[in-house]
Novice: 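Below is one structure. I have some questions about it.
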Amino acid sequence: MARGWMVVLAGLLAGSATAGPAADEVEHAEPVEELGAVRWPRGLEAAQARASTSGKPVLVLFDEVPGCSTVKGFGNGALSHPLLAEAVETLFEPVLVYNNRAEDDAICEAFAEPRWNNPVVRVLGKSRAKDDRFAGPYTEAAFAGFLVTALDRRGKAPVWLRALADELEGAGRAEEATYAMSCFWSGEAHLGEVDGVLSTETGWQGGREVVRLTYDPRRTSVGELDDHADGHASRVASGELRRTPKDDRHALRGTRWADVEMTPGQASKVNAWVADGKDPSRWLSPRQLGE
């Protein structure tokens, strides 16, 4: 069945005068807000040829351009998140298929994708039944989770992308806890390493140095945070925090990661790992690392 479906698809593409350029001649779609920050190649056959060489899975975006508010919202949201756009461009062989233009009718029909539809993303498997298919909700968190799941089925998602998905998903239910300590430089680093901590902020509260944590209650708890803080800090009731941004992520100062743009969750982990003398590269994407 899988082989038969691929033969049918290949025949449809081969019979189309607009099947796309050769694999070594990458044509890209014109950048518009519906497509976000991703530089989308055209030509499904060419993307499949590149995938056979790179070993990366093919990711197909079925989209309408010009599009409705849902299409534009996905483009301006999830597809414009720098790390999600990087994941699409570097961990997959992406390709754009228009679902509202006659030139791509054969491909839409082969995949049974509706015309003039909201965005659909498919990561191709050995048969259409084994594709990973995303059709919303069109949030950054949902799309990040989809990418991680698709990669896990085909190998393993990198730590930085998995951590990003956890951070985006956890932000919708985040809670706070405040800890007082003798030095918020060491306290922030110690508490920031806990799995489930989404961000850290240093400051003063009631004349004491404190760190305020935002955390995901599904991945850690106040009790676990208290246990981790034991000997380093003690939890206090949250009050008015006088922020001291110059003291945030002190361990990163003077390092090669100091000026890297990071999410709050990345910054907390990287700062903690640097403070502990460990290489934090796993938490950062290749582009963030300048690779």
Novice: On the 0 to 90° scale, with breaks at 30° and 60°, tag the Phe143-Phe146 ring pair as parallel, tilted or perpendicular.
Specialist: parallel
Novice: With distance as the sole test, does Thr202 use its side chain to make a donor-acceptor pair with the main-chain N or O of Thr244 at under 3.5 Å?
Specialist: yes
Novice: Counting distance only, does the side-chain N/O of Asn100 pair as donor-acceptor with the main-chain N or O of Val65 below 3.5 Å?
Specialist: yes
Novice: Measure across Glu113 and Val120 and return the closest heavy-atom pair with its distance rounded to 0.1 Å.
Specialist: OE2-CG1, 3.5 Å
Novice: Measure the shortest side-chain to side-chain distance between Glu27 and Pro41 over non-hydrogen atoms and say whether it is less than 4.5 angstrom.
Specialist: no
Novice: Would a distance-only check, ignoring hydrogens and angles, find a side-chain to backbone donor-acceptor pair under 3.5 Å from Arg154 to Ala150?
Specialist: yes
Novice: Between Ala29 and Leu35, what is the shortest heavy-atom contact and its length?
Specialist: CB-CD1, 4.0 Å
Novice: For Asp248 and Glu188, work out which heavy atoms get closest and say how close.
Specialist: C-OE1, 3.7 Å
Novice: Do Pro57 and Leu124 make a side-chain contact, defined as non-hydrogen atoms from C-beta onward lying under 4.5 Å apart?
Specialist: no
Novice: Please report the C-alpha distance between Leu44 and Val60 in whole Å, then the side-chain angles of each, then the deciding distance to 0.1 Å, and finally whether the side chain to side chain contact (heavy atoms under 4.5 Å, CB included) criterion is met.
Specialist: CA-CA 8 Å; Leu44 180 57; Val60 187; 4.0 Å; yes
Novice: Any non-hydrogen side-chain atom of Phe74 less than 4.5 Å from a side-chain atom of Val121?
Specialist: yes
Novice: Under 3.5 Å, side chain of Ser186 to main-chain N/O of Cys183, donor-acceptor pair present?
Specialist: yes
Novice: Would you compute the distance between atom CD of Glu140 and atom CG of Leu79 and round it to the nearest 0.5 angstrom?
Specialist: 10.0 Å
Novice: Partners of Asp227 by side chain to side chain contact (heavy atoms under 4.5 Å, CB included), sequence neighbours excluded?
Specialist: none
Novice: Can you name the nearest heavy-atom pair linking Ser80 to Gly75, along with the distance?
Specialist: OG-O, 2.6 Å
Novice: Do Val148 and Tyr138 belong together in a cluster built from hydrophobic side chains that touch within less than 4.5 Å?
Specialist: yes
Novice: Would you give the length of the straight line joining atom CZ of Phe62 to atom CZ of Phe111, rounded to the nearest 0.5 angstrom?
Specialist: 5.0 Å
Novice: Mark yes or no for whether Asn99, through its side chain, and Asn117, through its backbone, hold a donor-acceptor pair below 3.5 Å.
Specialist: yes
Novice: May I ask you to test the Leu241-Thr178 pair for a side-chain heavy-atom distance under 4.5 Å?
Specialist: no
Novice: Would you call Lys72 and Asp63 a salt bridge, using N to O less than 4.0 angstrom?
Specialist: no
Novice: Mark yes when over 12 heavy atoms from residues, nucleotides or ligands other than Trp185 sit less than 6.0 Å from its CH2; otherwise mark no.
Specialist: no
Novice: List the residues meeting side chain to side chain contact (heavy atoms under 4.5 Å, CB included) with Cys68, not counting sequence neighbours, and say none if there are none.
Specialist: Glu64, Thr70, Val71, Asn118
Novice: Within the structure provided, determine whether Leu161 and Leu164 are in side-chain contact (heavy-atom separation under 4.5 Å).
Specialist: yes
Novice: How many angstroms lie between NZ in Lys269 and CG in Leu198, if you round to the nearest 0.5 Å?
Specialist: 7.5 Å
Novice: Determine whether more than 12 heavy atoms belonging to other residues, nucleotides or ligands lie under 6.0 Å from atom CZ of Arg101.
Specialist: yes
Novice: Start with the C-alpha distance between Arg42 and Glu103, add both sets of side-chain angles, then the distance that settles side chain to side chain contact (heavy atoms under 4.5 Å, CB included), and finish with yes or no.
Specialist: CA-CA 11 Å; Arg42 293 275 291 138; Glu103 63 198 87; 2.7 Å; yes
Novice: Within the 4.5 Å heavy-atom criterion, are Ser199 and Tyr215 side-chain neighbours or not?
Specialist: no
Novice: Considering only distance and modelled atom types, tabulate donor-acceptor pairs under 3.5 Å from the side chains of residues 82-98, sequence neighbours left out.
Specialist:
{"residue": "Glu86", "atom": "OE1", "partner": "Ser285", "partner atom": "OG", "Å": "2.7"}
{"residue": "Glu86", "atom": "OE2", "partner": "Ser285", "partner atom": "OG", "Å": "3.2"}
{"residue": "Glu86", "atom": "OE2", "partner": "Arg287", "partner atom": "N", "Å": "2.9"}
{"residue": "Glu89", "atom": "OE1", "partner": "Arg287", "partner atom": "NH1", "Å": "3.0"}
{"residue": "Glu89", "atom": "OE1", "partner": "Arg287", "partner atom": "NH2", "Å": "2.8"}
{"residue": "Glu89", "atom": "OE2", "partner": "Arg39", "partner atom": "N", "Å": "2.6"}
{"residue": "Thr90", "atom": "OG1", "partner": "Glu86", "partner atom": "O", "Å": "2.7"}
{"residue": "Glu93", "atom": "OE1", "partner": "Arg50", "partner atom": "NE", "Å": "3.4"}
{"residue": "Glu93", "atom": "OE2", "partner": "Ser54", "partner atom": "OG", "Å": "2.8"}

Novice: Looking at Asp216 and Glu169, what are the two nearest heavy atoms and their distance?
Specialist: OD2-OE1, 4.4 Å
Novice: Between Val26 and Trp40, is there shared hydrophobic-cluster membership here, with clusters defined by ILVMFWY side-chain heavy atoms closer than 4.5 Å?
Specialist: no
Novice: Has Arg282 got a side-chain atom pairing as donor or acceptor with Pro158's backbone, closer than 3.5 angstrom?
Specialist: no
Novice: Go through Glu240 and Gln205 one step at a time and tell me if the side chain to side chain contact (heavy atoms under 4.5 Å, CB included) criterion holds.
Specialist: CA-CA 6 Å; Glu240 183 177 352; Gln205 179 180 298; over 6 Å; no
Novice: With a 4.5 Å cut-off on side-chain heavy-atom distances among I, L, V, M, F, W and Y, is there a chain of contacts connecting Leu225 to Val236?
Specialist: no
Novice: Side-chain contact test, heavy atoms from C-beta onward, threshold under 4.5 Å: evaluate it for Asp105 versus Arg115 and give yes or no.
Specialist: yes
Novice: Is the backbone N or O of Ala189 less than 3.5 Å from a side-chain atom of His250, with the two atoms forming a donor-acceptor pair by type?
Specialist: no
Novice: In terms of side-chain heavy atoms, does Thr263 have a donor or acceptor partner in Glu167 at a distance below 3.5 Å?
Specialist: yes
Novice: Could you tell me whether Asp132 and Arg122 make a salt bridge, using a distance below 4.0 angstrom between a side-chain N and a carboxylate O?
Specialist: no
Novice: To the nearest 0.5 Å, what is the distance between CG (Asp247) and CD (Glu209)?
Specialist: 7.5 Å
Novice: Within a reach of under 6.0 Å around CZ of Arg218, are more than 12 heavy atoms found that belong to other residues, nucleotides or ligands?
Specialist: no
Novice: Taking 4.0 angstrom as the limit, do Arg133 and Asp131 come out as a salt bridge?
Specialist: no
Novice: Check the pair Arg212 / Glu176 against side chain to side chain contact (heavy atoms under 4.5 Å, CB included), numbers first and verdict last.
Specialist: CA-CA 7 Å; Arg212 182 161 296 170; Glu176 290 185 346; 3.6 Å; yes
Novice: Taking the side chain as C-beta and beyond, is there a heavy-atom pair between Leu59 and Leu147 under 4.5 Å?
Specialist: yes
Novice: Under the rule for side chain to side chain contact (heavy atoms under 4.5 Å, CB included), what residues qualify as partners of Asp166, not counting sequence neighbours?
Specialist: Arg162, Arg219
Novice: For a quick test of reading the model, state the closest non-hydrogen atom pair linking Ala110 to Arg128 and the distance between them.
Specialist: O-NH1, 2.8 Å
Novice: Hey, could you give me the OG1/NE2 distance between Thr139 and His81, rounded to the nearest 0.5 Å?
Specialist: 11.5 Å
Novice: Find the distance between CE (Met181) and CG (Leu191) and round it off to the nearest 0.5 Å.
Specialist: 5.5 Å
Novice: Describe, in one word, how the ring planes of Phe184 and Trp204 are oriented to each other, choosing from parallel (under 30°), tilted (30 to 60°) and perpendicular (over 60°).
Specialist: perpendicular
Novice: Connecting only ILVMFWY residues whose side-chain heavy atoms lie within less than 4.5 Å of each other, what is the rest of Val270's hydrophobic cluster?
Specialist: Val159, Leu252, Trp257, Val260, Met262, Trp273, Val274, Trp283, Leu284, Leu289
Novice: If only atom types and distance count, is the side chain of Lys278 paired as donor or acceptor with the main-chain N or O of Ala272 below 3.5 Å?
Specialist: no
Novice: Is there a donor-acceptor pair under 3.5 Å between the side chain of His232 and the backbone N or O of Ser182?
Specialist: no
Novice: Quick check against the 3.5 Å criterion: does Ser268 have a side-chain atom that pairs as donor or acceptor with the backbone of Pro264?
Specialist: yes
Novice: Sequence neighbours excluded, which residues qualify as side chain to side chain contact (heavy atoms under 4.5 Å, CB included) partners of Arg235?
Specialist: Ala177, Tyr179, Val222, Asp226
